[in-house]
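Here is the structure we will look at, set down as structure tokens.
In listed order, ligands and their atoms are each counted from 1.
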Amino acid sequence: MPTTLVRNGTVVTARETTLADVLIEGSRIEAVLPGISPPPGATVIDATGTYVIPGGIDAHTHLDMPFGGTTSADDFETGTRAAAFGGTTTIVDFAIQARGTRMRDALDIWWKKAEGRACVDYGLHMIVTDLGNAGLEDMDDMVREGVASFKLFMAYPNVLMVDDATIFKALSRTAKNGALICMHAENGSVIDVIVARALAEGKTAPIYHALTRPPRAEAEAVHRAIAMSEIAGAPVYIVHLSSEDALNEVREARDRGVPAFAETCPQYLLLSIEELERPNFEGAKYVFTPPLRPKEHQPKLWDGLRDDHLQVVSTDHCPFCFKEQKELGKNDFSKIPNGGPGVEHRLSLIYSGGVHGGKFSANRFVQLISTAPAKLFGLYPRKGTIAVGSDADIVIFDPNAEQVISAKTHHMRIDYSMYEGMRVKGVTKTVLSRGRVIIDNGAFTGKPGAGEFLRRQTYSGAH
Ligand code: URP
Ligand code: ZN
Ligand code: ZN
């Protein structure tokens with residue numbers, strides 16, 4: 001069992017900031033104390049002047065996912081390696097139940113996609129498209145397999161959308177089996193009418209993707225999702241929340257004591273609707289759902305993160321190359337595959353904008369990118385903190401180092417960056433996954449297949 005000592009760093013958890021060394025025996029943390037003497041034979045990592053934080057947890061990625069007539073460009077190898085470069089040591093990806101099939105079929109397919117490829121640990125949510133005869137029993141079956149959360153779509157009619165009866169039945173089941181429903185909250189039926197009208201008027205450019213999905217369509221669905229969760233007596237987690245309107249719905253519910261949770265993503269905090277107006281079809285690089293909003297929404301979302309109206313920052317990493325993939329929608333914005341890349345830069349973007357931007361503390365940063373998703377998705381305290389007995393998923397993060405983000409230097413398998421040229425302050429240097437160094441001062445030293453499937457516990461009153 002290898003022994004590693006991370007020395008002289010500042011350990012930052014969601015609760016405290018302390019000068020301490022971290023002793024690792026094998027895959028677990030053995031001690032967190034100041035002044036630990038290196039045991040004989042231990043590998044010593046000097047963390048002087050840097051932060052030692054728990055590995056990032058990205059609770060929303062789509063690797064190797066068939067969608068929009070193509071497949072997302074990163075598979076489990078390239079996507080998890082890129083995640084590791086940026087300090088993310090756990091992802092929770094989405095398996096998709098194809099209509100008319102059992103959830104176990106989907107689970108088998110996604111396990112195969114990850115097998116031998118994942119460079120960091122991974123869990124899976126199950127996207128429910130069809131409760132059929134056995135769907136509710138299937139949900140219990142998934143929970144027993146450690147797939148303790150389900151995503152339901154209120155958008156994409158005829159593709160992934162399910163009706164309110166299905167949503168209510170699924171929520172009611174989670175009230176019994178303890179799982180958590182993740183909701184894509186947009187009113188898909190209304191949006192489809194607006195999209196059809198736009199196309200009939202010859203409005204085919206990427207910007208119409210955003211203009212046909214108004215914030216009120218998001219807020220209405222968030223309101224409905226929360227109301228149904230209240231009736232069912234189950235918690236609900238709103239994914240990729242993008243607008244002030246939607247945030248107000250979550251805040252109002254939480255103020256009443258309702259267990260409603262929500263994540264937002266770096267793109268909604270840092271980019272705005274103008275990106276979709278880029279010339280030469282380049283706006284397509286920013287086509288994802290919900291869409292980017294006018295700039296005024298951004299400070300509201302940052303405030304929401306600070307004040308715990310929003311609990312998590314994930315990426316919704318769903319990369320499609322500009323060439324050949326985004327180009328599928330050259331003459332019709334509704335055919336542009338929806339999704340954007342981001343798994344690599346979440347920590348730097350949120351540290352830079354959030355902590356250096358004076359919006360919240362380094363402890364809140366750790367909570368948003370690691371501890372809160374660990375708690376909500378049944379991984380805590382194995383993941384999400386630096387404590388005795390936890391997995392030694394550790395990031396040595398230099399809060400003062402700077403980096404310019406570019407597709408020329410990133411590790412995601414995609415031909416553009418949504419943040420091209422953006423300078424960020426706060427950079428991942430070294431990463432340990434269960435005690436093994438997988439990024440060593442910016443170089444990948446991990447191994448495809450070393451990442452393990454995580455059997456997650458059910459949501460357990462984390463709020
Ligand atoms: O545009 C997006 N967000 N693509 C990924 C699928 C989803 O809805 O999360
Ligand atoms: Zn979604
Ligand atoms: Zn998504």
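Contact check on Lys176 versus Asp140 returns no salt bridge, with no Lys/Arg side-chain nitrogen under 4.0 Å from an Asp/Glu carboxylate oxygen. With respect to the salt-bridge test (charged N to carboxylate O, under 4.0 angstrom), the residues Asp130 and Arg99 do not qualify. Between Lys300 and Asp303, no side-chain nitrogen of the basic residue sits less than 4.0 Å from a carboxylate oxygen of the acidic one, so the salt-bridge criterion is not met. Of the charged side-chain nitrogens involved, none lies within less than 4.0 Å of a carboxylate oxygen, so that Lys326 and Glu282 do not count as a salt-bridged pair.
A ring-centre distance under 6.0 Å is found for Phe67 and Tyr156. For Phe444 and His411, the ring centers are positioned 6.0 Å apart or more. The ring of His317 has its center no closer than 6.0 angstrom to the ring center of His62.
Here Lys151 contributes NZ and His184 contributes ND1, and at the Zn ion (ligand 2) these two atoms make an angle of 130°, given to 10°. Rounding to 10 degrees gives 100° for the angle at the Zn ion (ligand 3) between NE2 of His62 and NE2 of His60.
Scanning the protein heavy atoms around atom 8 (O) of ligand 1, the nearest turns out to be His184 ND1, 3.0 Å. Counting protein heavy atoms only, atom 6 (C) of ligand 1 is closest to His62 NE2, 3.6 Å. Ranking the protein heavy atoms by distance from atom 4 (N) of ligand 1 puts Asn338 O, 3.1 Å first. Of the protein's non-hydrogen atoms, Asp316 OD2, 2.7 Å is the one closest to atom 3 (N) of ligand 1. Among protein heavy atoms, the minimum distance from atom 7 (C) of ligand 1 is reached at Lys151 NZ, 3.4 Å.
No side-chain N or O of Glu344 forms a donor-acceptor pair with one of His410 less than 3.5 Å apart.
Under 4.0 Å from ligand 1, heavy atoms of Thr289 appear from its side chain as well as its backbone.
Shown in contact with Phe288 at under 4.0 Å from a heavy atom are these atoms of ligand 1, numbered in order with element: 1 (O). In summary, the atoms of ligand 1 found under 4.0 Å from a heavy atom of Phe153, numbered by their order in the structure, are 8 (O).
In terms of distance to the Zn ion (ligand 3), the nearest N, O or S atom of Asp316 is named OD1.
Distances shorter than 4.0 angstrom occur between a heavy atom of Tyr156 and an atom of ligand 1.
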